[in-house]
Each structure stands twice: as C-alpha cells, then as structure tokens.
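Please read the structure below before turning to the comments.
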Number of protein chains: 2
Amino acid sequence: MAPDRNRRRIPDATVSRLPVYLRILSEQGDEGVDSISSERLAELAGVNAAKVRKDLSYLGSYGTRGVGYEVAYLVYQVRRELGLTHDWPVVIVGAGNLGQALAGYNGFGERGFPVAGIVDVDEHKVGTVMGGVRVRHIDELPQIVQTKRVNIGVIATPGGAAQDAADRLVKAGVTSILNFAPVVLSVPHGIETRKVDLAVELQILSYHEQRRSGGVAGAAVGSNPRTATA
Amino acid sequence: MAPDRNRRRIPDATVSRLPVYLRILSEQGDEGVDSISSERLAELAGVNAAKVRKDLSYLGSYGTRGVGYEVAYLVYQVRRELGLTHDWPVVIVGAGNLGQALAGYNGFGERGFPVAGIVDVDEHKVGTVMGGVRVRHIDELPQIVQTKRVNIGVIATPGGAAQDAADRLVKAGVTSILNFAPVVLSVPHGIETRKVDLAVELQILSYHEQRRSGGVAGAAVGSNPRTATA
DNA sequence: TGGGCTTTGTGAATGTGTGCACGAGTGCCT
DNA sequence: AGGCACTCGTGCACACATTCACAAAGCCCA
Ligand SMILES: NC(=O)c1ccc[n+]([C@@H]2O[C@H](COP(=O)([O-])OP(=O)(O)OC[C@H]3O[C@@H](n4cnc5c(N)ncnc54)[C@H](O)[C@@H]3O)[C@@H](O)[C@H]2O)c1
Ligand SMILES: NC(=O)c1ccc[n+]([C@@H]2O[C@H](COP(=O)([O-])OP(=O)(O)OC[C@H]3O[C@@H](n4cnc5c(N)ncnc54)[C@H](O)[C@@H]3O)[C@@H](O)[C@H]2O)c1
C-alpha cells in the first residue's frame with residue numbers, strides 16, 4: 001500500500017545504480033540468499049555501503065535494522081521503482097553490424113525489453129531475419145510503434161543518419177531513445193535520450209593511460225609503461 | 001611554449017566531455033570552419049557555453065577573447081590532453097555476437113584504437129576471420145599484449161566469463177579495460193575500468209518512462225498522449 | 001526482561017559539478 | 001587613436017553527490 005510514496009524524485013546518480021543493485025539482488029536470490037546487508041551488497045556492487053543505504057532509502061524503508069534487506073522484497077521494490085513491472089518493447093533502427101548483434105542478443109528480451117521490430121532503409125536488408133526478428137522497412141516504423149506500443153527506440157545507424165532516425169522515432173511516438181551513433185541528438189523537450197559512445201569510452205581510458213605514463217605529448221610508441229601499481 | 005608542464009588533474013566530468021568536443025571540432029575543421037566560439041561549440045555539443053569554456057580552461061588558455069578558439073589548434077590540444085597523439089591498440093576478448101560487431105567496426109581503428117587482436121576460448125572460433133582480424137586462442141593473449149604493446153582490453157564475453165577475462169587481461173599486462181558484460185569487475189588497484197551496460201541504460205530509460213506515466217504535469221510537448229502500460 | 005550485538009536510516013560535513021555574471025583581452029571600425 | 005562590440009577566463013554561489021558517524025531499531029540469548 002502506501003501510495004503516497006510516489007512523487008519523490010530519485011537522484012540521477014541513484015537511478016543509474018539501481019539497475020546494478022537489481023542485477024546483483026536477482027543473482028543472489030537465484031543462489032538462495034534471502035537476506036543481504038548493505039555491506040555485502042555494496043561489496044558486490046563495488047561501491048560504498050553508506051551509498052547503498054542512502055540509495056535504497058529513496059525507495060522507502062525496506063530494510064530491517066540489525067538484519068539487512070530481504071532480497072526478494074527488495075528486488076520487487078527496485079523493479080517497481082524502475083518501471084520493470086511490465087515489458088518495454090523496443091524498436092531498433094539500423095540493421096547493420098551492431099543492429100544485428102543487438103537483435104541477436106538474448107539479454108535484451110530476458111531483461112524485459114523484447115525487440116518489437118528492427119528497421120532499415122536498405123532494401124537488401126529488408127526481409128532478412130536477424131535474431132528471430134524480420135527486418136522491415138523504415139517506413140513501417142510508425143506502424144510498429146503503434147501496434148506494439150513501443151516507447152523506446154534504439155539507434156544503430158551510421159552517425160550521418162542518426163538524427164534522421166531520431167526524428168522518425170519521435171514522430172512515430174517514441175519517447176525514449178538509446179543512441180549508439182557518435183552524434184549529439186537534438187530532440188524535442190520531454191524526449192529522454194541516452195547515448196552509448198564507444199569512442200568516448202576508449203578516449204577516457206586513453207586519457208588515464210596517457211596520464212599514467214607520466215606522459216605528455218610526443219611519447220612515442222617506444223616507451224611501454226608496464227607498471228603494475230598495486 | 002607553455003612552461004606549466006605539470007600534473008594538473010582534469011575533473012572526470014570534463015574528461016568525459018572532451019571526446020565529444022573533439023569529435024565536433026574535427027567535423028567542423030573538416031567542413032572548413034577554422035574558428036569557433038564557446039557558444040557555437042556548446043550548441044553543437046548540447047551543453048552550456050560556460051561549461052565549455054570552463055572545460056577548455058583546464059587545458060590552458062587556448063582561446064582568443066573577442067574571437068573564439070582556433071579549431072585546428074584546439075583539436076591538437078584536446079588530442080594531446082586525451083593522449084591521442086599516438087594509437088592505442090586494443091585487444092578484444094570474446095569473439096561472439098558483439099566481439100564480431102566490434103571487430104568489424106571501422107570507427108575503432110579510425111579513431112586511433114586499432115584492433116591488435118581478438119581472442120576466444122572456443123576452438124571453433126579460433127582461426128576464423130572477423131573484420132580482417134584472425135581470432136586467436138585466449139592462451140595467446142599475453143603474447144599479443146606484449147608484442148603489440150596493448151594497454152587497453154575490451155571484454156565481450158558472457159557475464160560468467162568476464163571476471164576470468166579481466167584477470168587474464170591484467171595478468172597479461174593490460175592496464176585499462178572496457179567491459180561490455182553485465183558484471184561488476186574486480187581488478188587490482190591502478191587498473192582502470194569502464195563499463196558499457198545495455199541493460200542499465202534501458203532500465204534508466206524505463207524509469208523515466210514509468211515516471212512519465214505517473215503524470216508530472218507540463219513535461220512533454222503535447223505530442224504523445226499514449227501512456228503505454230501494456 | 002534486559003543487555004549486547006548488528007545493521008539500518010539519516011543528519012551533517014565534505015567533495016564535485018554547474019551556471020551566472022562580469023572583468024579582462026582582442027579585433028574592428030570610424 | 002579611441003571607442004565599441006565581442007568573447008574568453010574565472011570567482012562565486014548554488015546544486016548535487018558522496019561519505020562519515022551515530023542514534024534508533026531490531027534480533028538473540030541468558
Ligand atoms: N559495429 C560496432 O561494433 C559499433 C560499436 C559502437 C558504435 N557503433 C555505431 O553504431 C552505428 C552502427 O554501426 P554498424 O557497424 O552497425 O554500421 P553498419 O553500416 O553496419 O550499419 C548501419 C545500418 O544502418 C542502415 N541505415 C543507414 N541509414 C539509415 C536510416 N536513415 N534509417 C535506417 N537505417 C539506416 C544501413 O542500411 C545499415 O544497415 C554507427 O553509428 C557506429 O558508429 C558501432
Ligand atoms: N550482443 C549484443 O548486442 C550485446 C549487447 C550488450 C551487451 N552484450 C554483452 O556482451 C557480452 C557478449 O555478448 P555476445 O552476444 O557477443 O555473446 P556470445 O555468446 O555471442 O559471445 C561470447 C563469446 O565469448 C566467448 N567466451 C566465453 N568464455 C570465454 C572466456 N573465458 N574467454 C574468452 N572468450 C570466452 C565465447 O566462446 C563466445 O564466442 C555478453 O556479456 C553480453 O551480455 C552483448
């Protein structure tokens with residue numbers, strides 16, 4: 001019960017950690033663990049225990065002092081908070097290299113995000129089957145979104161086509177977009193977007209490598225810092 | 001010449017935006033733009049202009065008041081700061097669905113991260129060619145890392161094998177890891193890791209979708225009345 | 001029943017990031 | 001030469017996030 005609990009805003013940083021807790025809790029549940037302390041959960045999640053407690057406290061007071069959290073109940077609460085009480089079908093735009101890998105990825109559907117469809121502009125790709133889903137023409141996007149009640153779109157087109165893909169998704173009625181193309185999307189207010197940018201991740205790692213090697217510019221490939229800092 | 005050749009620490013938030021600025025600057029440069037204001041760069045990057053200026057100020061004072069930043073020079077400085085003055089070969093562990101997509105992805109090498117090798121445990125995959133790179137057995141990992149001077153490893157194995165992959169990478173001498181498996185890796189101190197977790201991204205979107213249906217007034221631009229709670 | 005042990009939930013302190021506002025340079029025009 | 005328009009660089013205040021530290025609350029057992 002306690003329906004009043006609903007208008008709290010959960011900090012972004014917390015929202016981005018909840019899925020991690022959820023995965024760990026589910027795994028622990030599968031392994032027969034039925035109670036877990038913030039200390040243990042923190043260890044498994046690679047974070048500070050106080051952070052875990054504060055994060056979970058935004059959902060409500062679901063722990064028991066002196067004991068910990070009941071795994072099954074907490075899983076339920078986190079899932080509810082994340083809106084995972086039902087499936088969210090997704091539509092993938094771009095049936096290339098990446099789109100193919102995504103379509104063939106079981107972890108998608110398993111976690112409550114079944115692939116409702118995959119579309120492409122390339123006539124050669126339309127009709128082929130990827131990961132059990134038939135590729136359809138991008139003009140069918142609105143129809144897919146409507147009939148399958150899709151709210152989430154995934155962009156896996158080349159960078160140059162990503163904005164067009166986003167525009168089409170929004171027009172079709174999608175309100176959240178996950179973008180794999182290395183482009184900053186411009187979308188109407190109210191549309192949620194997130195990006196996964198491989199180059200950005202690698203370049204961040206590069207920054208730290210460069211820094212580690214005490215290296216400034218000009219550090220040729222000759223000097224290889226195999227330093228195991230322990 | 002800048003005499004401040006020091007160990008300035010650039011804030012994480014800034015480091016994660018520099019690659020975005022870099023891409024935009026490179027594109028602008030290719031289009032013949034040779035000077036750009038923080039205002040314009042901010043617009044293209046989808047952030048606040050003051051933030052751009054503050055971010056860039058960590059690199060030094062490379063702008064010209066009243067004018068803006070010289071694109072070519074700024075590209076050079078950002079690249080230098082990110083350690084992109086030379087290539088960083090990467091090794092991919094796991095030649096499955098995703099590993100294949102990654103190996104066949106040109107954007108990798110184009111951006112200075114050539115695939116030095118891809119390894120797998122599956123004997124059936126060893127020897128096959130993906131994206132121009134031959135799959136080798138994981139036991140050859142140390143040899144690849146040593147001879148190709150690889151500092152960055154990419155994990156594209158199933159979750160259950162990810163920690164093992166990480167251990168092997170670290171043992172082989174890799175000091176930075178990009179992890180696509182939905183697992184929290186445990187690595188020795190000094191090893192940098194970043195993760196790309198599809199489920200996390202989708203669940204964050206789910207959170208916002210769920211919240212949207214709860215009816216926070218005045219959020220959307222009145223386009224999509226469809227509150228799917230299928 | 002009460003005391004000891006454990007672990008939560010949260011105020012308060014500290015650390016990080018953001019955005020405004022404006023002084024300080026710079027280029028251009030008259 | 002002087003004034004004006006423009007844009008950088010940054011001090012400052014505020015917002016957000018992390019971590020500490022401890023009282024409150026529950027369990028267990030003698
Ligand atoms: N392949 C990877 O491992 C990888 C990794 C990270 C990021 N990315 C990014 O993901 C995106 C896709 O990469 P990829 O390797 O799959 O490329 P790809 O060229 O193999 O596939 C792109 C697909 O998009 C289709 N397409 C083009 N324009 C379209 C449009 N307007 N609407 C719908 N579909 C359209 C093409 O027909 C093609 O099938 C790129 O932006 C790339 O930078 C790829
Ligand atoms: N496919 C996707 O689109 C996608 C998207 C996001 C995340 N992921 C994640 O990426 C990872 C890989 O996904 P996938 O679809 O490519 O899986 P996959 O099963 O197709 O490929 C995994 C590969 O790893 C190899 N492998 C297993 N154990 C290994 C070990 N110890 N050392 C080296 N190689 C090993 C297997 O032989 C196989 O070739 C998974 O963790 C998955 O959750 C995949």
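Below, chain A is the first sequence line, B the second, and so on; all start at residue 1.
Side-chain N/O atoms of Arg65(A) and base N/O atoms of dT8(C) include a donor-acceptor pair closer than 3.5 Å. Between the base of dT10(C) and the side chain of Lys54(A) there is no donor-acceptor pair shorter than 3.5 Å.
Counting to the nearest Å, the P atom of dA15(D) and the CZ atom of Arg9(A) are 13 Å from each other. Atom P of nucleotide dG9(D) and atom CG of Leu59(B) are separated by 10 Å, given to the nearest angstrom. Atom P of nucleotide dG9(C) and atom CG of Leu56(A) are separated by 8 Å, given to the nearest angstrom. Atom CD in Glu39(B) sits about 15 Å away from atom C1' in dA5(D), given to the nearest Å. At whole-Å resolution of the value, OH in Tyr58(B) and P in dG11(D) are 11 Å apart. Summarising the geometry, the separation between CZ on Arg53(A) and C1' on dT7(C) is reported as 7 Å, rounded to the nearest angstrom. In this structure, Asn48(B) places its CG atom 12 Å from P of dC8(D), rounding to the nearest Å. Taking atom CD1 on Ile36(A) and atom C1' on dT6(C), their separation rounds to 16 Å, with Å as the unit.
Asn151(A) and Ser176(A) share no donor-acceptor pair across their side chains, judged by distance under 3.5 Å alone. Checking Gln77(B) against Tyr73(B) by side-chain atom types alone, a donor-acceptor pair falls below 3.5 Å.
Counting any heavy atom pair closer than 4.0 Å across all strands shown, Arg40(A) reaches no nucleic acid atom. Among the heavy atoms of the strands lying under 4.0 Å from Ala50(B) is at least one base atom, whether or not backbone atoms are also near.
In this structure the side chain of Arg23(B) reaches within 4.5 angstrom of the side chain of Asp197(A), judged on heavy atoms.
Side-chain proximity of Ala13(B) to dG17(C), dC27(D), dG9(C): nearest is dG17(C). Listed candidates were dT19(D), dT10(D), dT7(C). Nearest to the side chain of Ser37(A) is dT7(C).
Nearest-nucleotide positions on DNA chain D for Asp12(A) and Gly66(A) put Asp12(A) closer to the 5' end.
Between Arg168(B) and Asp164(B), at least one side-chain nitrogen of the basic residue sits less than 4.0 Å from a carboxylate oxygen of the acidic one, meeting the salt-bridge criterion.
Side-chain N/O atoms of Thr64(B) include none lying less than 4.0 angstrom from OP1 or OP2 on dC8(D). Contact check, Tyr69(B) against dG9(D): a side-chain N or O comes under 4.0 Å of OP1 or OP2.
For Tyr76(A), the OH atom counts as loosely surrounded, since its 6.0 Å shell holds 12 or fewer non-hydrogen atoms of other residues, nucleotides or ligands.
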